Amino acid sequence: MRDSSSGSSFFSQFWSSALRAKPLSNSSDVVRINSGEGLVRRLGPFDLILLGIGASIGAGIFVVTGTVARDAGPGVTISFILAGASCVLNALCYAELASRFPAVVGGAYLYTYTAFNELTAFLVFTQMMLDYHIGAASIARSLASYIINILELIPFLKNNIPNWVGHGSREIFGFISINLLAPVLLVLLTLILCRGVGESSLVNTIMTTTKIVIVLVVIIVGSFEVDGSNWSPFAPNGFKSMLTGATVAFFAYVGFDAVANSAEESKRPQRDLPVGIIGSLLVCITLYIGVCLVITGMVPYKFLGEDAPLAEAFKSKGLHFVSILISVGAVAGLTTTLLVGLYVQSRLYLGLGRDGLLPQIFARVHPTRHTPIQSQIWVGFIACVLAGLLNVHLLSHVLSVGSLAGYSVVAACVITLRWKDRIGGQISATSMSHRQEGIICITMIACCGFAAGILFRYVVSPFAYIFLIIPITIAALAAAALQFRQEQMDPPGFSCPWVPIVPALCIFVNIFLFAQLHYEAWVRFIVLSIAAIGVYAFYGQHHANPTGEREVVTYHKAPEEAAI
């Protein structure tokens with residue numbers, strides 16, 4: 001009897017804690033933390049745009065464009081336009097929430113904590129964080145390999161550098177592969193990030209600018225080698241190949257959310273964060289379109305290489321110096337992507353440490369450097385272990401599931417927060433049953449997106465595609481129900497247009513892409529969610545502090561000379 005009572009008490013406490021939400025504060029000037037110092041505001045709009053570009057464009061611009069082009073042909077340009085348009089919709093949602101929560105770090109985790117509840121926020125954090133950890137380790141190994149390739153251009157080093165130094169040793173037990181250079185690079189970048197946001201921003205600015213200049217050189221030089229006949233036929237494998245290519249190209253844009261996680265270090269977050277998010281994405285779309293047009297115009301799409309298609313295209317035209325530039329651009333691109341990735345991870349850990357969902361050591365900010373050094377070291381340590389010992393490329397097919405899930409929840413947050421008062425996080429005049437109906441509509445849109453994705457992926461008969469009309473129609477009706485039943489409230493700062501239609505479309509497209517992932521990604525999503533619920537049940541719910549009733553610390557303003 002006593003066991004039954006204690007079990008009932010445990011589950012009662014669990015659900016009570018899990019359904020807690022973080023109050024929506026109206027303050028953009030202070031933050032409640034448990035240490036004596038806060039982060040420093042140094043980043044202006046130009047820094048934020050470069051941060052977003054640095055996070056999004058890596059070596060993929062020199063590889064992914066060619067990989068998609070092998071299937072979609074010259075229509076790869078349409079693939080990247082479609083993927084870019086989808087990301088713009090997601091960016092609009094992020095921009096509204098970044099403007100609405102300008103004072104604190106947390107990104108998607110923070111938005112979910114306020115709009116929904118504590119458990120959902122913790123699940124979003126764990127799913128996105130695994131993507132970040134594996135992604136950082138994979139990028140570090142790729143960066144090490146690119147650096148070794150450049151060093152081997154020196155005659156006496158060619159073929160004299162052991163594989164375990166940078167390319168990775170032969171696999172042991174199928175997954176252990178030693179790499180010495182990758183952890184060294186991670187340590188260096190971690191030290192830069194620990195020194196302060198000013199130093200890391202300077203490195204990102206230099207490397208990102210270098211990368212953009214090289215991409216522009218590639219586009220300009222390549223445009224003189226374009227043969228228009230290579231663009232015909234434009235879509236040799238039909239529209240489906242271009243749409244399938246868009247599902248791959250979508251992940252080449254992922255990274256603009258890094259800007260939202262720099263809220264505490266932005267000079268004027270309510271104005272600059274939306275500029276950084278949308279501005280960086282538009283630059284990325286322009287660069288990808290330019291590269292797609294050049295690569296498919298220089299070489300017939302059937303003859304594009306798989307590993308380094310852009311470099312091989314220039315070599316085939318006798319432009320070897322451009323292929324070397326591409327290698328340098330790839331190094332710069334990977335460096336900025338890795339730097340920003342490590343930066344974002346540490347800020348997410350900082351947010352959870354402040355809220356008590358993780359140990360308080362993650363909430364500490366250095367009193368003079370104004371950086372979360374403990375969180376940064378932890379992030380660097382995890383990346384060093386993964387990159388130094390494991391062939392993390394084997395895990396690449398389970399990536400992106402967390403990002404897609406997180407983006408979908410962010411879009412849902414935009415809809416949900418329009419039902420709330422501007423201050424205090426209280427439900428407005430809309431009844432609780434009205435709110436529940438809205439959440440049911442959001443869930444229906446997500447389920448329809450998954451059903452449409454499964455049909456698109458597995459249906460082979462052209463006639464059977466008519467069944468796609470069913471989930472699309474149901475999703476449209478659910479979006480219409482949201483449109484006609486909710487009371488619209490314009491938030492302060494940037495406002496996402498056409499709410500709830502734009503967020504509903506984001507959810508549908510993101511979950512559609514979710515359905516295109518490898519089935520092992522779905523297994524990873526379920527297993528990690530179960531593990532996260534366990535961690536929350538035995539630690540997070542007992543230490544969480546959603547009201548943030550701690551010491552109030554004012555922000556440190558950037559020095560006058562740092563102002564733009």
Side-chain angles (χ1 to χ4, degrees), residues 15 18-21 86 89-90 92-94 96-97 108-109 111-128 400-420 425 427-428 430-457 467-488 496 498-517 521-526 528-530 532-533 536:
W15 285 115
L19 297 178
R20 289 183 300 209
S86 173
L89 297 178
N90 283 283
L92 290 172
C93 295
Y94 258 99
E96 172 172 320
L97 297 178
Y109 152 77
Y111 311 150
T112 307
Y113 204 166
T114 304
F116 292 104
N117 55 64
E118 194 168 279
L119 179 58
T120 305
F122 190 69
L123 290 172
V124 167
F125 165 79
T126 53
Q127 291 292 344
M128 297 189 76
S400 302
V401 61
S403 297
L404 285 172
Y407 288 178
S408 300
V409 174
V410 166
C413 288
V414 172
I415 300 174
T416 306
L417 286 172
R418 294 290 185 100
W419 301 332
K420 291 192 172 185
I427 302 299
S428 65
T430 307
S431 66
M432 179 59 72
S433 62
H434 193 168
R435 171 182 165 83
Q436 291 172 346
E437 291 171 4
I439 293 177
I440 290 173
C441 288
I442 293 172
T443 304
M444 288 177 60
I445 293 170
C447 292
C448 288
F450 188 79
I454 293 295
L455 286 172
F456 177 81
R457 179 175 180 177
F467 290 108
L468 282 171
I469 297 175
I470 298 175
I472 292 174
T473 301
I474 296 174
L477 291 174
L482 289 173
Q483 175 68 41
F484 290 115
R485 291 180 64 82
Q486 79 168 355
E487 295 180 5
Q488 292 292 330
C496 176
W498 304 309
V499 174
I501 303 304
V502 166
L505 185 58
C506 283
I507 296 170
F508 185 89
V509 172
N510 292 339
I511 301 302
F512 178 91
L513 295 175
F514 186 100
Q516 309 306 309
L517 297 175
W522 305 344
V523 174
R524 165 237 142 142
F525 180 83
I526 295 171
L528 182 60
S529 295
I530 294 173
I533 291 172
Y536 175 80

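Just so we're clear, the structure is a prediction, and the values are computed from it rather than from any experiment.
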Q) Relative to the ring of Phe514, is the ring of Trp522 parallel (under 30°), tilted (30 to 60°) or perpendicular (over 60°)? A) parallel

Q) Would you find a donor on one side and an acceptor on the other, under 3.5 Å apart, between the side chain of Gln127 and the backbone of Phe525? A) yes

Q) To the nearest 0.5 Å, what is the distance between CG (Leu505) and CG (Asn510)? A) 9.0 Å

**Q.** Residues forming a ring pair (Phe, Tyr, Trp, His ring centres under 6.0 Å) with Phe508, sequence neighbours excluded
**A.** none

Q: Please find out if less than 6.0 Å separates the ring center of Phe450 from that of Phe512.
A: no

Q | Pairwise distance CG(Leu513) to OG(Ser408) - rounded to 0.5 angstrom | A | 9.0 Å

Q | Heavy-atom closest contact (Val499 atom, Gln483 atom, distance) | A | O-OE1, 3.6 Å

Q. With a 4.5 Å heavy-atom cut-off, do Ile442 and Leu482 have their side chains touching?
A. yes

Q. Looking at Tyr407 versus Tyr94, is the centre-to-centre ring distance below 6.0 Å?
A. yes

(Q) Give me the atom names and distance for the closest heavy-atom approach of Cys413 to Phe116. (A) SG-CE1, 3.8 Å

Q.
For a quick test of reading the model, state the closest non-hydrogen atom pair linking Ile474 to Cys448 and the distance between them.
A. CG2-SG, 3.4 Å

Q | Nearest-0.5 Å distance that lies between atom OG1 in Thr120 and atom CG in Leu19 | A | 8.0 Å

(Q) Distance check, rounded to the nearest 0.5 Å: Leu417 atom CG versus Glu96 atom CD? (A) 8.0 Å

Q) Is Gln516 reaching over with its side chain to a backbone N or O of Gly453, donor-acceptor style, under 3.5 angstrom? A) yes

Q) Measuring from Leu404:CG to Cys506:SG, what's the distance to the nearest 0.5 Å? A) 11.5 Å

Q: For Val414 and Pro503, work out which heavy atoms get closest and say how close.
A: CG1-CG, 3.9 Å

Q) Would you find a donor on one side and an acceptor on the other, under 3.5 Å apart, between the side chain of Asn117 and the backbone of Tyr113? A) no

Q.
Nearest 0.5 angstrom please: Cys496 SG to Ile415 CD1, how far?
A. 9.0 Å

Q | Note, Phe467 side chain near Ile470 side chain (heavy atom, < 4.5 Å) | A | yes

(Q) Any heavy-atom pair between the side chains of Tyr109 and Met128 that's under 4.5 Å? (A) no

Q.
Which heavy atom of Ala515 sits nearest to which heavy atom of Ile454, and what is that distance?
A. CB-N, 3.8 Å

Q: Identify the two heavy atoms, one from Ala532 and one from Leu123, that lie closest to each other, and give their separation to 0.1 Å.
A: CB-CD2, 3.7 Å

